[in-house]
Amino acid sequence: MSEDKSRKQATLGYVPDSQLTIGRFFGGNGNAQQSPKKQTTLAFGAKRQRASSGADPESAAEPSGVKSENDDTPDANGTESSKNLKRENADEVEESDESDVQPVPKRRRKAAKSSSPTPQKTPSPKKSPPKKSPAKAKVQSPSPPPAVKSESEDVSDEAKNQDGEEEDADMVSEAEEDVKPAVKKTMEKVQATLKASGKDPYPDWKAGDPVPYAAMCTTFSLIEMTSKRLVIMAHCSLFLQQVLRLTPKDLLPTVQLMINKLAADYAGIELGIGESLIMKAIGETTGRSLGVIKTDQHEIGDLGLVAAKSRGNQPTMFKPKPLTVRGVHEGLLGIAQVQGHGSQDKKISGIKKLLSAADSATAGKGSKGIDITKDKGGPSEAKFIVRFLEGKLRLGLAEKTVLVALAQAIVSHEAALEDKPTPSPERMAEAEAVLKSVYSQLPSYEEIIPAMLEHGIFNLPDVCRLSPGIPLKPMLANPTKSITEVLDRFEGKEFTCEYKYDGERAQIHFVAPDSIRKYPAATATLQKDKKGLSAIFSRNSENLSKKYPDVLAKLDGWIKEGVDSFVLDCETVAWDTVNKKVLPFQQLMTRKRKDVKEEDIKVKVCVFAFDLLFFNGEPVVKKSLRERRQLLHECFQPVEGEFQFAQFGNTNVLDEIQTMLEDSVKASCEGLMVKMLDTDQSGYEPSKRSRNWLKVKKDYLAGVGDSLDLVVLGAYYGRGKRTSVYGAFLLAAYSPNNDTYETICNIGTGFSEAVLEEMHKALTPLIIDRPKPFYAHSSVPKDQPDVWFEPRLVWEVKTADLTLSPRYKAAADEFEGTTGGGKGVSLRFPRYIKSRDDKNPDQATTTRAVAEMYRKQEAVAKEAAGKRGVDDDFEY
DNA sequence: CCTGTCTGCCC
DNA sequence: ATTCTGC
DNA sequence: GCAGAATGGGCAGACAGG
């Protein structure tokens, strides 16, 4: 085993020898035979051996439990090289798409899969219809033709039954591109069958009348009951068709409520309602104490259900008017708009109003609320109002699906208007493509829906187009587990690597003064000054212009002669003007966000541009990345500390990518973005594939990056699909000096459902009344876990970064009196890797080691500053 | 006016 | 942000 | 591979309440 020092180095950060480590990921790179590997492999597989012969390795090399890249966990190590070798012919998953080595095993896997679920599935549909119908009966009690009800209910299942096998086969192979038509056929079938019942799940309201909110909730309930996406889509689309047929003017609020939004993101409308206020409102509406509500929430894991359950306890003096979609939307908007003194009470009374009017058909009839164990609570209006407020409808239906359903609904509706038959699958697909494309260029239903109603869906592209003033959806990237995966995915294609800067995504829009009249839409959203119109939008289309007045003021300095308008895709990064270097993300976040005056900006920012989406009156999103980048470099000029081009290199040589990844990290970046340069997939079209780019970060690579072994001290009750198990856990590092456990982070991702169950079982016996006196943890009430445990379980956890935390205590004493001011260390993006059953809690990562890791990270950042300029314009 | 809590939004 | 899961 | 739903740290801003 290598000695202590080298290990720690490797662990602690982004140090030179980590290159070696990365090398391992390519397999057979020469360092696979590094000694530490074998040792640890041994250590894991056979504890005894380690105890006797390997006592040293464990205690000396891993006194603190810190993982180094060398001291990698055995499985990763031991199988490392073989894994890589195997990759070409084994089932290494996903990365095979473009290679033709794989199809055979892949198919086989699928075939095997499809054969087993089929028999299981068959019985289930028979069971489900009777389960569903009672819920329906409740809501539809006014005028329900029961026969129709169950019929429409059954159809989806019937469809499954009749040709279950056929369909299953289709579904299973859905992923294969070449089977897409079959999927469409299936979808058609589902929808057609649903439709064939002749009735919508909710009976028609009077044409022109406002859409009843109950109608939407009925659809929601149907959607919630299935996980089949085609069925979800069909329900959604059918309901939208009904709205189109009866009350098209309510389509906009209907869609908005479906996607859990009150308005387009860039409009900046916030509800200002969170869990606390919702609980207060539910308590007041139902006459139950806050404590009871909280207990319920813990048990039920869904405030919507809590509201539904306690609904109807209060006798209503008179029957309120039934809620309408429009009414709910307006009510919520009202809640969003109140502000200032006493606004919280007003918000609560707004919620109370909605909740008291909810479920007027069923409430107040002496029923004690609904049975929430049935059908996930059924179509309760209260439930969905509350879920809207929480910002999570949890239907298995969200923006993307609604968009597609909307396209289908419109095409069908348009066809029906002209007495044409149901549109062909091809036409459906065409409509979807059109709507997706339009939406990604102009993500605003306020704009799209009226235009669509007026001009028809196929004319949308002429009416709703990308233009400065309205943010478009940004391209996103997929994480990549190794550089070989990158090579596999982009095999045979030219691609480029860019530094991934650790800042805030910024889409910068600009129109020069002389051209303002050409962009009428822009005047509404862009900030106007003597230098023209401009705005900055965030990754989620929020308007950040108020946060970056300094950037907008200087933007004319970046452009060359003749630039009239543009939309740039960039990253803003905090900038150290003295040392001329990039500062960490945490620094950037301390910037003021509102009413920022240029004079008193404390955190300066440098903009790193990496794409050009609109230029001089023309969208350039369909051009290849190579062309866009060339245009970008031709027409803009870097300004030190203000505006730079993202560092990049075009290479497909593994070693060079590896080197570049190392360099990016040394330059305080997060890693690399990898993008195709020329193919049709190199266009900037999120509608086609929103995650068309790849990102490579050190901590994605198995066995590379910082990982720690931490002790589980507490847990939080899970919600939604994690109800009845713990949803998150409180972790700590160990301080041998005073024998304390100092909290370092919560963790809630990385667990499979099985592991969550297992942990729940393992931890429940360890529950204790109160935290041990030797637990160092925040005393803020909101920071307390729901349950505390004996210190026993040790988990390996991976992290991207270490941060100084106002909440966690790990190594806090080490930072007393420093800049940190007594703050502890915490983890950025913590995720569970695996259980370390082989470790006792006092063998967990020590707080000293944590402090060391943090310092090392800082040191690397500083070192980068020194080197800057030398390899600044290094050619790759 | 100060402090703690809640919310929304960055990652 | 990261990760898991059903389709 | 997509889409959705679980979950993380941590900041500024808005309010409530003393």
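All chains are named by letter (A, B, ...) in the order of the sequence lines, taking the proteins before the strands, and each is independently numbered beginning at 1.
- P806(A) comes within 4.0 angstrom of the backbone, heavy atoms only, and of no base.
- Taking side-chain N and O atoms only, H341(A) has no distance below 4.0 Å to OP1 or OP2 of dC15(D).
- Ranking dG9(D), dA6(D), dC2(D) by closeness to the R722(A) side chain, first place goes to dA6(D).
- Residues passing the ring pair (Phe, Tyr, Trp, His ring centres under 6.0 Å) test with F751(A), sequence neighbours excluded: F729(A), W795(A), Y832(A).
- Summary of the strand contacts: F829(A) and A754(A) both lie near DNA chain C, and taking for each the nucleotide with the nearest heavy atom, the more 5' one is attributed to F829(A).
- Under the rule for a ring pair (Phe, Tyr, Trp, His ring centres under 6.0 Å), the partners of Y501(A) that lie at least two apart in sequence or sit in another chain are F608(A).
- Nearest-nucleotide assignment on DNA chain D puts the 5′-proximal partner with K436(A), out of S343(A) and K436(A).
- No more than 12 heavy atoms of other residues, nucleotides or ligands sit less than 6.0 Å from atom NZ of K280(A).
- Residue contacts for G391(A): at a heavy-atom cut-off of 4.0 Å it reaches no nucleic acid atom on any strand shown.
- In this structure, K594(A) reaches the dA14(D) phosphate: one of its side-chain N or O atoms is under 4.0 Å from OP1 or OP2.
- Residue contacts for K695(A): at a heavy-atom cut-off of 4.0 Å it reaches the sugar-phosphate backbone alone, with no base atom in range.
- L588(A) comes within 4.0 angstrom of no nucleic acid atom, judged by non-hydrogen atoms across all strands.
- Side-chain N/O atoms of Q586(A) include one lying less than 4.0 angstrom from OP1 or OP2 on dC11(D).
- As judged by a 4.0 angstrom heavy-atom cut-off over every strand, L544(A) is placed among residues touching the sugar-phosphate backbone only.
- Map E399(A) and Y808(A) each onto its nearest nucleotide of DNA chain D; the residue landing nearer the 5' end is E399(A).
- For dC15(D), the OP1/OP2 oxygens have no side-chain nitrogen or oxygen of K346(A) closer than 4.0 Å.
- In this entry the distance linking NZ of K228(A) with P of dG4(D) reads 17 Å, nearest Å.
- Salt bridge E275(A)/R719(A): present, at least one basic N to carboxylate O contact under 4.0 Å.
- In this structure, R691(A) reaches neither bases nor backbone, as no heavy-atom distance under 4.0 Å exists between it and the strands shown.
- Considering only side-chain N and O atoms, T803(A) lies nowhere under 4.0 angstrom from the phosphate OP1 or OP2 of dG9(D).
- Look at R831(A) and you'll find a side-chain N or O under 4.0 angstrom from OP1 or OP2 of dT3(C).
- For S276(A), a side-chain nitrogen or oxygen approaches OP1 or OP2 of dC6(B) to under 4.0 Å.
- For R387(A) (side chain) and K392(A) (main-chain N/O), no donor-acceptor pair under 3.5 Å exists by modelled atom type.
- The side chain of S227(A) has dC7(C) as its nearest neighbour among dC7(C), dT2(C), dG13(D).
- Nucleic acid contact for Y832(A): none, since no nucleic acid atom lies under 4.0 Å from a heavy atom of the residue.
- Comparing dT5(C), dC2(D), dC11(B) against the side chain of S752(A) picks out dT5(C) as the nearest.
- Distances were taken from every side-chain heavy atom of E670(A) (C-beta onward) to each of dC10(B), dG1(D), dC11(B); the shortest belongs to dC11(B).
- Put simply, R689(A) has a side-chain N or O that comes within less than 4.0 Å of OP1 or OP2 on dC2(D).
- To the nearest angstrom, P of dC11(D) lies 10 Å from CZ of R593(A).
- Nucleic acid contact for S805(A): sugar-phosphate only, since backbone atoms but no base atoms lie under 4.0 Å from a heavy atom of the residue.
- Among the heavy atoms of the strands lying under 4.0 Å from K782(A) are primed sugar atoms or P, OP1, OP2 only; no base atom is included.
- Note on K400(A): a side-chain N or O is less than 4.0 Å away from OP1 or OP2 of dA3(D).
- Side-chain contact, E571(A) with Y499(A): no donor N or O sits under 3.5 Å from an acceptor N or O.
- Distance from the side chain of K721(A) is smallest for dA5(D) among the nucleotides dC11(B), dG9(D), dA5(D).
- Note on K697(A): only backbone sugar-phosphate atoms sit closer than 4.0 angstrom, heavy atoms only; bases stay farther off.
- For the residue pair S778(A) / D783(A), a side-chain donor-acceptor distance below 3.5 Å is found, with atom types taken as modelled.
- Closest to the side chain of T401(A), out of dG4(D), dC15(D), dT2(C), is dG4(D).
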